[in-house]
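See structure below.
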Amino acid sequence: MPETLSPVAVPSLTDAKTALATLATTDALEHLEAALRSLQGLATSLQNADRLPPGEQRNLEKALLRFRSELRDAGVLADQGLAYCQEWADLLQPPPAYQSNGAFTTTAPNRHELSIEA
């Protein structure tokens with residue numbers, strides 16, 4: 001017979017979101033991994049336990065909905081951080097005419113072309 005569920009809290013992603021907002025990727029990953037381990041523990045507890053009383057069930061559902069919203073926010077922050085870093089990488093990339101010895105090739109003239117079709 002399954003045992004009754006001991007209260008296991010749904011993790012918060014506040015620290016992970018803060019780390020993502022400051023581009024502290026390693027810290028964010030550690031917080032996300034801790035949250036994953038906590039959710040895995042919760043899943044195991046729920047599989048091995050009797051059904052929760054209705055009040056506790058509703059509280060757990062609300063906590064999981066909050067977690068889902070926090071996870072969505074963390075995903076947006078991660079995407080924005082990646083875009084920010086990619087923009088800097090693009091800006092810092094040398095132009096195509098740059099050679100590894102520091103010189104620029106001058107074989108191609110610097111022409112600008114414009115084509116308009118009606």
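Bear in mind that the values here come from a model prediction, so they are computed numbers and not experimental data.
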* To do: Calculate, to the nearest 0.5 Å, the distance between atoms CD and CG belonging to Gln86 and Leu91 respectively.
  => 10.0 Å
* **Side-chain (Ser45) to main-chain (Gly41) donor-acceptor, under 3.5 angstrom** => yes
* Do Leu20 and Thr25 pass the side chain to side chain contact (heavy atoms under 4.5 Å, CB included) test, and can you show the C-alpha distance, the side-chain angles, and the key distance before you say yes or no? -> CA-CA 6 Å; Leu20 286 168; Thr25 310; 5.6 Å; no
* Asked: In Å, rounded to the nearest 0.5 Å, how long is the span from CG of Asp15 to CG of Asp27?
  -> 9.5 Å
* How many angstroms lie between atom NZ of Lys17 and atom OG of Ser12, to the nearest 0.5 angstrom? -> 7.0 Å
* Drop me the distance from Arg51's CZ to Gln57's CD, to the nearest 0.5 angstrom. => 6.0 Å
* Do Leu46 and Leu60 pass the side chain to side chain contact (heavy atoms under 4.5 Å, CB included) test, and can you show the C-alpha distance, the side-chain angles, and the key distance before you say yes or no? -> CA-CA 11 Å; Leu46 289 171; Leu60 179 60; 3.8 Å; yes
* **ILVMFWY cluster, Leu36 and Leu29 together (side-chain gap under 4.5 Å)** => no
With a 3.5 Å cut-off and sequence neighbours excluded, list the donor-acceptor pairs that the side chains of residues 67-85 form with protein atoms.
residue : atom : partner : partner atom : Å
Glu70   : OE1  : Leu13   : N            : 2.9
Tyr84   : OH   : Trp88   : NE1          : 3.1

* Rounded to the nearest 0.5 Å, what's the gap from CD on Glu33 to CZ on Arg37? Could you check? => 6.0 Å
* Asked: Which atom pair, heavy atoms only, marks the closest approach of Ser38 to Ala9?
  -> OG-O, 3.5 Å
* To do: May I have the step-by-step check of side chain to side chain contact (heavy atoms under 4.5 Å, CB included) for Leu52 and Asn59, ending in yes or no?
  => CA-CA 10 Å; Leu52 289 173; Asn59 288 340; over 6 Å; no
* To do: Not counting sequence neighbours, list each pair that qualifies as a salt bridge (charged side-chain N to carboxylate O under 4.0 Å, His left out) and has a residue in residues 80-101.
  => none
